[in-house]
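A short write-up of the structure that comes next.
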Amino acid sequence: MKRILSFFATLFVLTAFAQPMKSIMEYGVSPSNSPEENRVNLQRAINEASRSGAALYVEPVAGGYPVAAGIILKQNVSLIGAHGPVGRGTKDPERQAPVGSLFVITDSSAPFITVESATQLRGIQFYYPEQSHNDPAKIIAYPPTIQVSRTKKVEGVTLSSLTFFGEYMAMDFNASRSNPCEQILFEHCYGYPLGGEFIRIDYCYDIPRILHCHVNPANMRQFGRSFSRSVVDAVVARPTFSYAIDHTDNAQMIDVFTFGVHGGVFLGEYSYGQLTNFNLDCVSVGIHKKGASTFNRNWQIAQGSIIANVKGCADAIHPIIIEGQGHTAISNVEAFSGPNGALTTDGYSDDFLLVRGDKLLTVSLFGCRMRNYRAESPVTIENPKARIEAVACVDKNEEFFSLKK
């Protein structure tokens, strides 16, 4: 009992005397400043926090903080806001705009914020008020909101509970072979990038994780800026994927969602890992998997649904495309099509799975439900060297489908 009481006494002392995070307002970052003045002051706060490994609090304010692009989140620093992901937006009670721990971005000259090692962004909203939400001809191709450093090797970044409003490309972690990144965590991040790319990763080693992320054009509904059908159609017309991974070891993707894009998930030829519990809705291509060798270019794909029903930048509609080399294990994946008023739909996919190329690859399917495709068979084979086996799957005629090639 004495040990228990001593523990709680110690916990009380530590809590009572803990130093709170410093607000960025203490460094002169203010909603009434110019974007350039706030950039200077925020960078000064980050530079100071880097020396001690401190966290800075993005204090909620009406109207948010206008900040010019080009911020460097230096090593050891965390920027922390008040929010979980706000998937339909926060709402200023006096006007049609978000409110809270909010950066307001109008600068298209550079990525908004570049991250270095041992950094964290959490509980923050990023808003592009000049971005078009109803006219595709006026879409602004902003640089990425968050980008990995291209001049340093970056190890350990946490991106959590972030919401993006009007971004063109949200999180760019395409590093280089000479400066790869490692241990990057994306979790509970929401947005709808008008360039079609939400998270892209290249040259990232040591298990990057994409967890519980959500791409949806209704993400500004609370303040009246949901994207129009014509804008969503324009996003679908771009040959991009919401989630793209290459040159990556043992990537983990769990509970990812996208809606109204050309491609859901791109698994590059130099990647391997697991993709589970996903929903890829209103896409032209659900999953496109490649492979550069038979050694470790293998993906396990399970427990998901794909609604491939839109013609984007090409006429073909395929829930899954596999090519190159390596093995792909697909289990309990459902695919179907149909109409949706939020965008222009075709209503049918061409097949369930397209296998193409001219090199040996293997595919196994178990317990998959396949429907609303035009082809006679759910599997289209354009690779004479492919080895494919399907067991206990169900085709568009509600009949069990098996295949061994």
For this session: Carefully, step by step, assess Thr163 and His83 under the rule side-chain contact (heavy atoms from CB on, under 4.5 Å).
Result: CA-CA 9 Å; Thr163 311; His83 306 287; over 6 Å; no
Counting C-beta onward and ignoring hydrogens, is there a side-chain heavy-atom pair between [X] and [Y] closer than 4.5 Å?
| X | Y | answer |
| --- | --- | --- |
| Thr114 | Val148 | no |
| Phe295 | Gln325 | no |
| Pro35 | Val67 | no |
| Phe112 | Ile146 | no |
| Tyr65 | Ile24 | yes |
| Leu211 | His188 | no |
| Asn298 | Thr328 | no |
| Leu162 | Phe186 | no |

Problem set entry | Over all atoms of both residues, closest heavy-atom pair of Ile330 and Cys368 |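 So the two residues come closest at CG2-SG, 3.8 Å.
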For this session: Please step through side-chain contact (heavy atoms from CB on, under 4.5 Å) for the pair Ile80 and Leu56, ending with a clear verdict.
Result: CA-CA 6 Å; Ile80 308 295; Leu56 299 169; over 6 Å; no
I'd like to know if the side chain of [X] reaches the main chain of [Y], judged simply by a donor and an acceptor atom lying under 3.5 Å from each other, with no hydrogens or angles considered.
| X | Y | value |
| --- | --- | --- |
| Thr248 | Ala251 | no |
| Ser78 | Ala55 | no |
| Asn38 | Pro66 | yes |
| Gln125 | Leu102 | no |
| Tyr243 | Cys213 | yes |

For this session: Please report the C-alpha distance between Thr345 and Asn309 in whole Å, then the side-chain angles of each, then the deciding distance to 0.1 Å, and finally whether the side-chain hydrogen bond (donor to acceptor under 3.5 Å, both in side chains) criterion is met.
Result: CA-CA 6 Å; Thr345 61; Asn309 60 352; 5.0 Å; no
Is it the case that more than 12 heavy atoms not belonging to [X] sit under 6.0 Å from its [atom1] atom?
| X | atom1 | value |
| --- | --- | --- |
| Glu376 | CD | no |
| Lys396 | NZ | yes |
| Lys91 | NZ | yes |
| Lys405 | NZ | yes |

For this session: Sort and list the pairs that fulfil ring-ring contact (aromatic ring centres under 6.0 Å, His included) and have at least one residue in residues 129-168, not counting sequence neighbours.
Result: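 Qualifying pairs: Phe126-Phe164, Tyr128-Tyr142, Phe164-Phe198, Phe165-Phe223.
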Problem set entry | Pairs involving residues 326-349, ordered by first then second residue, that meet ring-ring contact (aromatic ring centres under 6.0 Å, His included) (sequence neighbours left out) |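 Every candidate ring-ring contact (aromatic ring centres under 6.0 Å, His included) pair involving residues 326-349 fails, so no pair, neighbours aside, qualifies.
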Below 4.0 angstrom, N of the basic side chain to O of the carboxylate: do [X] and [Y] qualify?
| X | Y | value |
| --- | --- | --- |
| Arg371 | Glu398 | yes |
| Arg387 | Glu389 | no |
| Glu182 | Lys153 | yes |
| Lys74 | Glu116 | no |

Can I get a per-line list of side-chain donor-acceptor pairs under 3.5 Å for residues 276-285, giving both atom names and the distance, sequence neighbours left out?
from	atom 1	to	atom 2	distance (Å)
Asn279	OD1	Ser305	OG	3.3
Ser284	OG	Val310	O	2.6
Ser284	OG	Gly312	N	2.9

For this session: Could you walk me through whether Thr145 and Glu167 pass the side-chain hydrogen bond (donor to acceptor under 3.5 Å, both in side chains) test, one step at a time?
Result: CA-CA 7 Å; Thr145 306; Glu167 79 282 13; over 6 Å; no
For this session: For the pair Val363 and Ile388, evaluate side-chain contact (heavy atoms from CB on, under 4.5 Å) and give the outcome as yes or no after the intermediate values.
Result: CA-CA 5 Å; Val363 182; Ile388 306 169; 4.3 Å; yes
For this session: Please step through salt bridge (charged side-chain N to carboxylate O under 4.0 Å, His left out) for the pair Lys311 and Asp350, ending with a clear verdict.
Result: CA-CA 11 Å; Lys311 289 184 178 180; Asp350 291 302; over 6 Å; no
Problem set entry | Residue from Met171, Met169, Arg238 passing side-chain contact (heavy atoms from CB on, under 4.5 Å) with Glu197 |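 Passing option: Met169.
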Please tell me whether [X] and [Y] have a donor and an acceptor in their side chains that are separated by less than 3.5 angstrom.
| X | Y | answer |
| --- | --- | --- |
| Gln183 | Tyr205 | no |
| Ser160 | Thr158 | no |
| Asp351 | Thr380 | yes |

For this session: Decide yes or no on side-chain hydrogen bond (donor to acceptor under 3.5 Å, both in side chains) for Ser161 and Arg122, but give the supporting numbers first.
Result: CA-CA 5 Å; Ser161 299; Arg122 183 185 295 269; 5.1 Å; no
For this session: Take Arg95 and Asp92 through the test side-chain contact (heavy atoms from CB on, under 4.5 Å) and record every step on the way to the result.
Result: CA-CA 6 Å; Arg95 61 195 182 100; Asp92 190 310; 3.5 Å; yes
